[in-house]
Amino acid sequence: MSMDFIPQPRTCPSSQEYLSVLNPEQRAAVEHHGSPLLILAGAGSGKTRVITTKIAYLIGEKNLPPYSILAVTFTKKAATEMKERAIRLHPEAKNSQIRTFHSFGSWFLRRHTEEAGIDASFTVYDDDDMVTLLQKAVLGLTRQEAIHFAHSISRAKDYCLEPNSQQLSFIDETPNFPQIYQAYQNRLRETGNIDFGDLIMLPVLLLERKPEIREHMQRRFQVIMVDEYQDSNVAQFKLLQLLAGSNTYVCVVGDDDQSIYNFRGAEVKNILSFPEHFSGTTIIKLERNYRSIPQVLNVANDVICHNKNRFDKILKHTRASGDTPVLAFLDNNFDETDFCAQVIQNAHKQGIPYSDWALLYRTNSQSLTFETEFLHRKIPYVIVGSLKFYDREEIKDALAYLAITANPKDEVSFRRVVNKPSRGIGEKTQDKIVIDSRNYAKNSLLGESNLLESCRRIAKDSTKKAKEGLTTFVSTMDTLIKLIDQGQKAAQPLPVEQLAQQATNNPEISTKTNATSNTNNALPDEAPKKLSYLIEQLTLLSGLEEYHRGQDEISGTQRVANLQELANSAALYPLSRDGLLDFLDHIELDKSLDSRDQEETDAVTLITIHNTKGLEFPRVLMTGLETGIFPRSDKQETELEEERRLFYVGVTRAKDQLIITSCKKRFRFGKTDEMYPSIFLSEINQKNIKIIGEKPIGFCSSTLAKEGNTIHPLANRWKKGVRVFHDEYGYGYITRSAVIESEYVIIVQFDSGAEKRFMPEYQNHSLMVSEE
DNA sequence: GACAGTGAAATTTTT
DNA sequence: TTTCACTGTC
């Protein structure tokens with residue numbers, strides 16, 4: 001991780017200084033000790049400040065060893081920022097564990113691979129890899145089904161449910177789901193690798209079953225803090241419980257209004273029931289918002305108060321008055337792109353830096369038009385979170401070669417590249433090799449299977465073409481493995497020191513720090529021993545480069561350049577097994593981060609709203625506020641409430657300026673769809689927002705009648721849930737009704753998927769209540 | 001086993 | 001519009 005390279009500030013504030021900037025509640029939270037602590041912190045109330053200050057305070061004032069502090073959060077970006085800020089307050093914080101939950105899981109498992117029954121050089125399978133493996137573990141699944149079950153398995157792991165759990169039906173009611181899960185799990189263990197869910201679940205199981213590991217961890221971490229606690233899932237909650245010994249100080253921070261990951265297994269009840277699980281809990285509320293101007297908070301409050309399932313709380317504003325947020329109605333998404341670009345450029349002319357701006361959207365796909373336009377206008381931007389780079393075919397291929405180099409049992413990566421570029425090794429041959437490897441593992445006393453060994457065996461009685469192909473592949477892999485092992489040898493001298501250091505009570509000044517210094521002190525060998533060298537060799541030897549060079553010429557892509565960039569990004573890692581694993585971890589757990597260490601550039605941030613959690617920006621453009629996009633669907637009340645919380649999160653990112661856009665038309669799937677304003681827009685009180693552009697017909701902020709209260713003459717016949725038929729659109733249900741400027745309006749969700757708005761009074765016979 | 005041609009589906013959100 | 005999974009032919 002990049003954090004090891006963050007320059008330390010010349011001067012650090014004294015504890016007097018950093019405590020004096022806190023308000024009484026924040027200060028109480030920092031100084032609190034002796035019982036579990038739950039901090040209920042509204043948006044922008046300075047909770048990251050509290051956590052980082054608390055870390056500095058514990059190290060500086062309470063003389064706690066930095067490595068005994070564990071602070072976890074959810075997104076990599078938030079973790080990085082937390083670490084940076086903590087280090088600014090106290091340089092020793094660099095030796096504290098400040099990580100995402102998943103990277104903590106990885107850290108933990110790397111130290112306990114044997115007990116966990118996984119390969120010492122394990123890598124992490126992503127969702128795609130899960131699907132590939134599942135299709136091989138359970139034959140006959142279509143891709144769709146495999147995606148479905150892979151999803152269910154992930155959910156099961158979020159709840160820490162094993163294949164034999166009685167509660168699995170709660171996740172997926174398919175009768176043979178437990179068998180499918182079990183088959184997948186067996187196959188996964190055969191590869192020696194793990195998936196994302198395992199990063200949390202395996203540590204939990206290990207801590208449950210191995211008292212000595214648990215006790216060691218509980219001694220190790222005297223303080224555990226969790227940020228964004230409202231988004232923890234059951235497995236993460238269990239992990240926290242197991243890590244916390246009787247003497248561990250536990251402090252969690254969260255806000256139920258910002259819970260936006262329920263779809264991924266997050267349980268708001270974790271935060272609600274925290275005091276029950278940690279007896280004697282002290283609760284501190286942070287209700288003063290320091291981030292946003294009052295006008296922004298008004299908009300946020302207008303909307304969030306429409307949620308029924310929430311604690312009533314008051315966000316008190318502390319800042320001086322600013323500009324009223326703007327709601328811009330635009331004709332179509334190209335106008336939207338233009339408008340946003342224009343706003344940013346105009347501001348730039350007046351001296352407002354690009355980096356003041358964040359452009360928010362609901363789905364990653366929305367970023368594309370902005371990217372094109374910004375490139376065109378030469379507006380610098382950075383994209384956060386889209387899998388852009390690491391999701392590219394050529395990059396995934398190269399990474400698969402690397403994964404096999406690390407772990408030759410990696411079936412998924414093996415299948416991905418054994419025949420790429422084409423070597424005449426089809427699926428049949430692949431199956432043979434994998435089966436051979438699995439049989440070997442079962443029959444051999446050694447128990448170690450190895451796909452490369454199996455390739456050699458199978459090659460013997462294969463057709464000429466396949467034989468040649470296999471030989472080429474195996475010799476490529478052999479060379480790569482030799483390279484990395486030579487590198488490892490070169491890096492030997494220091495790991496001894498590392499062991500010595502571990503003996504002294506400070507187990508992991510991360511392997512990386514040492515490994516990096518290894519390279520610097522490396523043996524006086526010829527070439528510089530960087531991991532980039534391995535990647536360069538890989539792309540050449542495997543034939544990937546040549547293959548993609550051809551592709552580049554045909555379709556004008558940049559694939560060879562991308563491969564080179566991947567190699568460059570590995571320059572910070574040593575050519576060794578540890579270096580390779582670090583690199584792969586870094587990529588797998590941190591796809592959001594740009595491969596280049598983010599230089600301080602003046603650029604607009606393009607980001608999904610989910611990814612903004614924990615971040616703030618001086619100026620925010622929130623785009624695509626249209627029904628069907630945001631909220632995506634309003635089928636279910638609970639889902640709508642989560643979308644509303646997401647809106648709340650987006651709005652409360654803004655410090656000084658907020659602009660919201662909504663289009664009447666949107667071009668997608670090769671055609672233009674008519675769009676309607678998001679329901680959230682009508683929940684904003686008229687006096688709190690400045691509307692520009694032509695209002696869509698029938699739109700009026702904050703006069704949309706609440707459901708059930710409608711007393712319009714038409715309300716009885718045309719009410720929510722009624723089945724209707726339309727001449728053109730067919731059958732559908734009324735999903736919403738309202739009185740808008742004294743007109744009765746309904747929204748119909750048609751079976752065809754279309755969603756339309758009608759005024760029944762004027763529909764005559766094209767729309768009627770179905771007698772079906 | 002490779003490849004060209006087809007038809008249908010596609011956009012949640014993340015580690 | 002683009003992409004990807006599936007089918008049939010060589």
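Values reported hereafter were calculated over all heavy atoms of this structure, with side chains retained and with hydrogens, waters and symmetry mates removed. Lettering follows sequence order; numbering is per chain, from 1.
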Salt-bridged, [X] to [Y], with N to O below 4.0 Å?
{"X": "K664(A)", "Y": "E626(A)", "answer": "no"}
{"X": "R423(A)", "Y": "E468(A)", "answer": "no"}
{"X": "R416(A)", "Y": "D397(A)", "answer": "yes"}
{"X": "D256(A)", "Y": "R645(A)", "answer": "no"}
{"X": "K396(A)", "Y": "D128(A)", "answer": "yes"}

Nearest to side-chain heavy atoms of [X], which nucleotide of [options]:
{"X": "N364(A)", "options": "dT14(B), dG1(B), dA10(B)", "answer": "dT14(B)"}
{"X": "T100(A)", "options": "dT15(B), dT12(B), dT11(B)", "answer": "dT15(B)"}
{"X": "T608(A)", "options": "dT15(B), dT11(B), dT14(B)", "answer": "dT14(B)"}
{"X": "T363(A)", "options": "dG1(B), dT14(B), dT12(B)", "answer": "dT12(B)"}

If only side-chain N and O atoms count, and only distance matters, is there a donor-acceptor pair under 3.5 Å linking [Y] with [X]?
{"X": "Q366(A)", "Y": "T363(A)", "result": "yes"}
{"X": "D195(A)", "Y": "Y184(A)", "result": "yes"}
{"X": "E162(A)", "Y": "Y181(A)", "result": "no"}

Verify the ring-centre separation between Y381(A) and F370(A): is it less than 6.0 angstrom?
no

I need the [atom1]-[atom2] distance between [X] and [N], as an integer number of Å.
{"X": "F667(A)", "N": "dT11(B)", "atom1": "CZ", "atom2": "C1'", "value": "15 Å"}
{"X": "Y547(A)", "N": "dA2(B)", "atom1": "OH", "atom2": "P", "value": "11 Å"}
{"X": "N233(A)", "N": "dT14(B)", "atom1": "CG", "atom2": "P", "value": "16 Å"}
{"X": "R632(A)", "N": "dT14(B)", "atom1": "CZ", "atom2": "P", "value": "13 Å"}
{"X": "E642(A)", "N": "dT14(B)", "atom1": "CD", "atom2": "P", "value": "12 Å"}
{"X": "H102(A)", "N": "dT14(B)", "atom1": "NE2", "atom2": "C1'", "value": "9 Å"}
{"X": "Y125(A)", "N": "dT15(B)", "atom1": "OH", "atom2": "C1'", "value": "18 Å"}
{"X": "H151(A)", "N": "dT14(B)", "atom1": "NE2", "atom2": "C1'", "value": "11 Å"}

If you look at every strand shown and take non-hydrogen atoms under 4.0 Å, does [X] touch a base, only sugar-phosphate, or nothing?
{"X": "N419(A)", "answer": "sugar-phosphate"}
{"X": "R668(A)", "answer": "nothing"}
{"X": "K428(A)", "answer": "sugar-phosphate"}

Pick the P atom in dT13(B) and in dC4(C), then give their distance to the nearest Å.
15 Å

What integer number of Å spans the C1' atoms of dC6(C) and dT11(B)?
23 Å

Using a cut-off of under 3.5 Å, enumerate the N/O to N/O pairs linking the protein to nucleotides 5-10 of chain C.
unit_1: dA5(C); atom_1: OP1; unit_2: R143(A); atom_2: NE; d: 3.0

Listed partners of [X] passing salt bridge (Lys or Arg N to Asp or Glu O under 4.0 Å), at least two apart:
{"X": "K665(A)", "value": "D331(A)"}
{"X": "D231(A)", "value": "K613(A)"}
{"X": "R415(A)", "value": "E411(A), D431(A)"}

Is there a residue in residues 252-271 of chain A whose heavy atoms reach under 4.0 Å of DNA chain B, and which residues are they?
Y261(A), F263(A), R264(A)

Return whichever of Q430(A) or F669(A) has its heavy-atom-nearest nucleotide of DNA chain B closer to the 5' end.
Q430(A)

With respect to the phosphate group of dT12(B), does any side-chain polar atom (N or O) of S365(A) fall under 4.0 Å of OP1 or OP2?
no

Considering non-hydrogen atoms only, spot the tightest contact between A235(A) and K157(A) and give its length.
CB-O, 3.6 Å

Pairs: protein N or O with nucleotides 3-8 of chain B N or O, under 3.5 Å:
none

